[in-house]
There are 2 protein chains.
Amino acid sequence: MTLPHPTTDQISLPLVLSVLGDPTRLAIVAHLAHREGGKGRMNCSQFLALGSKTNLSYHLAKLREAGVTRTEVVGTQRFLTLRREDLDQRFPGLLDSIVAGVEFAAIPKIEESVEMA
Amino acid sequence: MTLPHPTTDQISLPLVLSVLGDPTRLAIVAHLAHREGGKGRMNCSQFLALGSKTNLSYHLAKLREAGVTRTEVVGTQRFLTLRREDLDQRFPGLLDSIVAGVEFAAIPKIEESVEMA
DNA sequence: TCCTTAGTTCAAAGATTATTGAACAATTGA
DNA sequence: TCAATTGTTCAATAATCTTTGAACTAAGGA
């Protein structure tokens with residue numbers, strides 16, 4: 001099963017900016033960026049410190065629809081990643097300058113991914 | 001007379017992003033960036049192709065309040081400039097990557113500044 | 001099969017934002 | 001002084017966006 005994602009050239013700058021203009025979504029992106037290349041993918045539940053389950057579903061859909069994140073469906077879980085390469089290609093330097101500007105200390109901590117046996 | 005502007009350290013990333021997420025405001029910033037260092041300052045009326053006078057007043061106030069632009073009052077006119085140095089200091093690379101991502105061909109042309117005798 | 005886990009969808013309510021016209025203020029030039 | 005220019009403010013409307021709870025689906029494990 002695959003969720004709808006925009007193609008790289010369908011990613012719109014105003015949409016990306018307005019989507020990242022929301023503090024909850026910016027925090028999600030900051031967490032994803034902070035773990036890039038690291039300890040595995042993140043699922044939606046790990047972001048529960050940032051909002052209710054229903055509300056997260058809403059914000060994560062916004063991020064996906066804007067082309068900021070990719071959502072992989074695995075069983076009952078959705079694994080989230082930043083669309084780093086697509087964003088870098090479409091808007092060079094944008095993601096890095098945004099992530100660098102986030103006051104990481106000011107955003108809620110989230111649950112570490114639980115390594116399963 | 002001086003209008004209220006945030007100080008450099010009061011400029012907030014989410015606010016800048018959401019303010020620039022609006023197509024009208026992004027177009028204004030693209031025009032300002034396109035003329036940086038060039039043929040003089042721009043006043044509000046030059047942006048009338050982007051919206052009604054009242055509506056522009058609203059959008060230009062948003063840009064100023066977010067710290068994106070500086071508004072100088074000279075007589076009955078307001079001259080607009082990008083707060084390039086403040087933005088570069090606070091969020092290095094952000095303004096450049098945003099301006100570079102604007103499809104300039106797709107935004108309405110505006111009136112050239114009329115050189116006065 | 002039954003229960004739990006993970007997350008979505010829907011409809012309603014609440015909160016912000018954007019757009020408009022009418023009225024206004026201030027400066028400038030005739 | 002009078003009129004034109006430049007732009008703001010206000011109140012109302014329209015349009016969007018966010019948040020919530022209830023109900024739901026789908027996959028996995030006991």
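Letters A, B, ... mirror the listed sequences (proteins, then strands); counts begin at 1. Below, all heavy atoms of this structure are taken into account, side chains as well, without hydrogens, waters or symmetry copies. Note that the structure is a prediction, hence the values are computed from the model and not measured.
For Glu36(B), the CD atom sits in a packed shell: over 12 heavy atoms of surrounding residues, nucleotides or ligands are nearer than 6.0 Å.
dT17(C) atom P lies 18 Å from atom CG of Leu26(B), rounded to whole Å. Nucleotide dG21(C) holds its P atom 14 Å from the CG atom of Leu56(B), rounded to whole Å. Across the protein-nucleic acid pair, Phe79(A) atom CZ and dG7(C) atom P stand 8 Å apart, rounded to whole Å. Spacing between atom CZ of Arg64(B) and atom C1' of dG7(D) amounts to 12 Å, rounded to whole angstrom units. The interatomic distance linking Asp22(B) (CG) with dA15(D) (P) rounds to 16 Å, in whole Å. Rounded to whole Å, the distance from NZ on Lys62(B) to C1' on dT17(C) is 7 Å. The separation between Leu3(A) atom CG and dT25(D) atom P is 18 Å, rounded to whole Å. For the pair Arg78(A) CZ and dT9(C) P, the interatomic distance rounds to 8 Å; values are reported in whole Å.
The listed nucleotides are dT18(D), dT19(C), dA22(C); the one nearest the side chain of Asn55(B) is dT19(C). Minimum atom distance to the side chain of Tyr58(A) is reached by dT19(D), of the listed dG7(C), dT20(D), dT19(D). Ranking dT9(D), dT27(C), dT8(C) by closeness to the Ser57(B) side chain, first place goes to dT9(D). Of the candidates dA18(C), dA6(C), dC17(D), the closest approach to any side-chain atom of Ser45(A) belongs to dA6(C). In the set dA6(C), dT20(D), dA18(C), the nucleotide with an atom closest to the side chain of Arg25(B) is dA18(C).
Considering only side-chain N and O atoms, Thr76(A) lies nowhere under 4.0 angstrom from the phosphate OP1 or OP2 of dT5(C). Within the 4.0 Å cut-off from OP1 or OP2 of dC17(D), not a single side-chain nitrogen or oxygen of His59(A) is found.
Where Gly51(A) and Cys44(B) meet DNA chain D, the nucleotide closest to each residue was compared, and Cys44(B) sits on the side nearer the 5' end.
Base contact: Thr54(A) has a heavy atom under 4.0 Å from a base atom.
Salt-bridge check for Arg90(A) with Asp86(A): failed, with every basic side-chain N at 4.0 Å or more from each acidic carboxylate O.
In terms of heavy atoms, Ala66(B) sits closest to Val19(B) at CB-CG2, 3.8 Å. When all heavy atoms of Ser97(A) and Leu94(A) are compared, the pair lying nearest together is OG-O, 3.0 Å.
The structure places CD of Glu72(A) at 6.0 Å from OG1 of Thr81(A), a figure rounded to the nearest 0.5 Å.
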